[in-house]
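This report concerns only the one structure given below.
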Amino acid sequence: MVASLPRTIRIGSRKSQLALVQTHWVQGELKKAFPDRAFEVHTMNTQGDKILDVALSKIGDKGLFTQELESGMLSGDLDFAVHSLKDLPTRLPEGLMLGCVTERENPADALVLHASHKGKQLDTLPEGAVIGTSSLRRLAQLRYHFPHFQFKDVRGNLNTRLAKLDAGNYDALVLACAGLQRLGMGDRIDQVIPAEISLHAVGQGALGIECRADDGEVLPLLKALEHRPTAFRCYAERAFLRVLEGGCQVPIGVNTVLDGDTLTLTGMVAALDGKRMVRGIKAGPAEEAAEIGAALANQLKGEGAQEILDEIIATLNRDA
Ligand SMILES: NCc1[nH]cc(CCC(=O)O)c1CC(=O)O
């Protein structure tokens with residue numbers, strides 16, 4: 001009998017420049033780890049790539065950047081998909097799982113200034129400065145700390161957003177450090193925004209690789225790329241979000257620190273007006289990451305987060 005070649009593994013990716021850089025990195029690492037196997041990249045446009053004229057917060061439900069890729073995996077056209085972990089919903093379709101979390105870049109948010117403000121920081125930007133962000137989480141936290149700024153929505157991929165900044169439509173943008181760094185534009189970061197001002201998004205800076213839950217061939221390949229410290233931190237962050245969100249976008253921020261085996265999670269939920277914020281902290285063994293996240297979420301619900309969530313849901317229903 002002739003030994004058959006192992007099948008080619010088909011990797012799914014969005015088409016954005018950031019997605020492609022991330023996916024090709026994963027493909028390269030897998031080739032290094034498994035030189036005898038072939039890995040092929042297949043790109044797709046997702047709903048989130050097509051709807052560019054509506055504020056993300058108004059589109060509501062998550063999964064916007066993942067659904068088409070998930071259908072591909074379920075039908076067998078793709079073997080796994082590479083996502084920015086923060087774009088991957090905390091509840092995945094039946095039959096799929098989060099197979100791997102890679103080492104995280106700096107998860108913090110970044111301030112990127114218009115050239116006319118070079119040398120300034122959030123503290124020294126003038127009253128009325130126009131800050132571009134399309135994230136409810138960034139908006140709520142920045143409004144809370146800097147009520148004298150104006151905030152304006154900004155959509156499009158990173159290059160589009162930066163072009164709008166450079167054209168003078170904004171005084172500054174707030175973006176993820178990680179995206180800028182991965183695209184080789186880390187030099188555009190004027191300030192790494194400290195966690196005291198802005199807690200980052202759940203999973204920010206890490207890649208999440210989604211695959212079929214029953215695929216015994218693909219899972220061990222993916223595990224070669226897993227970064228355990230990042231995975232523990234992100235499991236806690238995702239459990240926190242899973243308990244708090246009800247299928248709608250809510251301003252939720254987190255920070256995690258892993259010190260030896262002790263994982264510390266800081267989390268916050270903000271009201272849309274940026275006037276109220278509920279924040280707390282919980283620590284425990286890293287192995288219990290998911291329990292730590294869920295426990296902090298339930299604690300915050302008892303301390304006012306539930307009222308904030310109810311209000312956001314009522315607002316969305318009213319505007320719908
Ligand atoms: N929602 C868009 C998105 N998804 C992932 C990143 C950046 C990289 C990351 O967080 O992994 C960004 C851009 C941004 O928030 O500035």
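In what follows, residues are counted from 1 in the order of the sequence shown. Counting convention: from 1, in listed order, for ligands and their atoms alike.
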Just checking, is any N or O donor in the side chain of Arg138 or Thr133 under 3.5 Å from an acceptor N or O on the other one? no

Would you mind checking if [Y] and [X] are paired as a salt bridge, meaning a charged N to carboxylate O distance below 4.0 Å?
X: Arg276; Y: Glu307; result: no
X: Arg137; Y: Asp109; result: yes
X: Arg37; Y: Asp79; result: no

Does an N or O anywhere in [X] fall below 3.5 Å from an N or O of ligand 1?
X: Gly205; value: yes
X: Arg161; value: no
X: Ala176; value: yes

Geometric class of the His117/His114 ring pair [parallel <30°, tilted 30-60°, perpendicular >60°]: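 His114 and His117: perpendicular rings.
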
With a heavy-atom distance limit of 4.0 Å, tell me whether [X] approaches ligand 1 through its side chain, its backbone, both, or neither.
X: Asp87; answer: side chain
X: Arg182; answer: side chain
X: His200; answer: neither

Shortest heavy-atom approach to atom 14 (C) of ligand 1 - which of Gln204, Lys86, Arg14: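 Nearest heavy atom to atom 14 (C) of ligand 1 lies in Lys86.
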
Determine, using heavy atoms of Arg138 and all atoms of ligand 1, whether some pair is separated by less than 4.0 Å. yes

On the six-membered ring of Phe39, is Lys31 placed so that its NZ or CZ lies under 6.0 angstrom from the centre and within 45° of the ring axis?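 No, Lys31 does not sit over the ring of Phe39.
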
Element-labelled atoms of ligand 1 that are located less than 4.0 Å from some non-hydrogen atom of Leu175: 16 (O)

For Ala236 versus Leu265, what's the shortest heavy-atom pair and its separation?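 The answer is O-CD2, 4.0 Å.
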
